[in-house]
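Data first, discussion second: the structure below is written as structure tokens.
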Amino acid sequence: MAKPRLSRWGLRTLALVYLLFLLVLPVGLIIWRTFGAGLGPFFDALTSPSAVHAFQVTLTVALWAVVANTIFGIGASILLVRHRFPGKRLLNALIDLPMAVSPVVVGLALILVYGRYSPMGGLLESWGIQVIFSTPGMVLATVFVSLPLVVRAVVPVLEELGDEQEQAAHTLGASRLQAFRRITLPGIRSALAYGVVLCLARSLGEYGAVAVVSGRLVDQTQTLTLFVEERFQNFDQPAAFAAATALALIAVITLLLTKLLRPKD
């Protein structure tokens, strides 16, 4: 009896020590450095023109990515669960591809496809649409890295719901849109909200792919994560720590939301 108890305490201690040195101490140090001189420098750093612009760019990119992935996620989930078609397994595997590919590789691939000297990028620029080193390229990169999150949150719930109620609604004369709005959407609502929050969190914290396609242009294509790096490299530590703390607070809020919205087993 004593050995299992010692084993449990040993595993708990190991987990706590691991989290202490990997997570708690680094984040705690950033927060301590941020508020070491009081709240004044923190708010001054976050209200500077460059920081405000970085917030605006981050929110713009994240919101467009969430909208795109929500629409795609719902459609792809229904397609995967409710229909059989050739290439279904391939589509299912492709949806998980962003989880395996490095974001830096994603950014490079987007430059090769949509860059100024590529056929597609040159055609778009001739129409006055610049993708790389502008907001559209950053949105594309963010959409790619957060692509699977809504799908993987909704698919299990759709599978559990089944399609009996939808078939009954069709029998009674309801259209596909009516059945989706009145039966499917209420059934996946909590899972959809969970996936959207995960997608938003991933979009707000994205760095690698966005760093490649944005060009890191200060006050133009600089997200909050890029702002932290740029300020730290330029020895403006108060601004870097303030922005990093803001990102950490957003992460905590997102974590709480995911716990509240996560579908019950």
Side-chain angles (χ1 to χ4, degrees), residues 49-80 83 85-88 90-152 154 176-177 180 192 195-196 198-230:
S50 293
V52 171
H53 186 271
F55 269 108
Q56 291 173 345
V57 173
T58 301
L59 289 176
T60 300
V61 171
L63 289 177
W64 277 111
V66 168
V67 170
N69 278 334
T70 300
I71 296 172
F72 172 80
I74 295 174
S77 299
I78 294 174
L79 183 63
L80 290 172
H83 301 277
F85 55 92
K88 180 177 179 179
L90 178 61
L91 175 61
N92 200 22
L94 287 175
I95 289 174
D96 289 329
L97 184 63
M99 305 298 292
V101 177
S102 168
V104 176
V105 176
V106 173
L108 178 60
L110 290 175
I111 289 178
L112 294 176
V113 175
Y114 297 104
R116 175 177 299 179
Y117 301 107
S118 68
M120 178 66 72
L123 179 62
L124 291 175
E125 292 220 1
S126 68
W127 294 344
I129 303 174
Q130 181 180 353
V131 177
I132 302 302
F133 305 145
S134 64
T135 301
M138 300 164 69
V139 171
L140 284 175
T142 307
V143 166
F144 187 94
V145 299
S146 57
L147 183 75
L149 298 176
V150 174
V151 179
R152 294 312 171 205
V154 173
R176 290 186 179 275
L177 181 60
F180 171 77
L192 180 61
V196 166
L198 285 179
C199 183
L200 179 62
R202 184 70 178 87
S203 301
L204 290 173
E206 172 53 26
Y207 172 81
V210 169
V212 175
V213 301
S214 67
R216 310 186 191 193
L217 304 177
V218 177
D219 294 338
Q220 295 184 47
T221 60
Q222 190 179 59
T223 61
L224 199 57
T225 52
L226 300 178
F227 175 81
V228 171
E229 182 201 28
E230 185 264 330

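Bear in mind the structure is a predicted one, so any value in this text is a computation, not a measurement.
- Residues S118 and G115 approach most closely at OG-O, 2.8 Å, considering heavy atoms.
- Counting heavy atoms from C-beta on, the side chains of L79 and L91 come closer than 4.5 Å.
- Closest approach of V61 to M138, counting heavy atoms only: CG1-O, 3.7 Å.
- Minimum interatomic distance between V151 and G73 (heavy atoms only, all atoms of both residues): CG2-CA, 3.5 Å.
- Here CD of Q220 is found 10.5 Å from OG of S134. Values are rounded to the nearest 0.5 Å.
- Remark: of the listed residues V150, L204, T142, V150 is the sole one forming a side chain to side chain contact (heavy atoms under 4.5 Å, CB included) with C199.
- In this structure, L147 and M99 have side chains that are not in contact, with every pair of non-hydrogen atoms separated by 4.5 Å or more.
- Pairing each heavy atom of L198 with each of L149, the nearest pair is O-CD1, 3.5 Å.
- From Q222, atom CD reaches atom CZ of R216 across 10.0 Å, with rounding to the nearest 0.5 Å.
- Note that the CG atom of D219 and the CD atom of Q56 stand 10.5 Å from one another [nearest 0.5 Å].
- The shortest non-hydrogen separation linking L110 to G137 is CD1-O, 4.2 Å.
- Between the side chain of E206 and the backbone N or O of G208 there is at least one donor-acceptor pair closer than 3.5 Å.
- Side chains of P136 and V139 form no contact here, defined as non-hydrogen atoms less than 4.5 Å apart.
- With P148 as the fixed residue, the side chain to side chain contact (heavy atoms under 4.5 Å, CB included) test singles out one of I95, N69, L94: I95.
- At distances below 3.5 Å, at least one donor-acceptor pair connects side-chain atoms of Q130 with backbone N or O atoms of I132.
- Counting only residues at least two apart or in different chains, salt bridge (Lys or Arg N to Asp or Glu O under 4.0 Å) contacts with residues 113-131 comprise R116-E125.
- With a 6.0 Å radius and a threshold of 12 heavy atoms from other residues, nucleotides or ligands, Y117 has its OH atom at or below the threshold.
- Taking all atoms of both residues into account, the shortest heavy-atom contact from S214 to T221 is O-OG1, 2.6 Å.
- In this structure the side chain of H83 never reaches within 4.5 angstrom of the side chain of K88, judged on heavy atoms.
- Distance CG/L224 to CZ/F55: 4.5 Å, rounded to 0.5 Å.
- Atom CD1 of residue I74 and atom CG of residue L192 lie 4.5 Å apart, to the nearest 0.5 angstrom.
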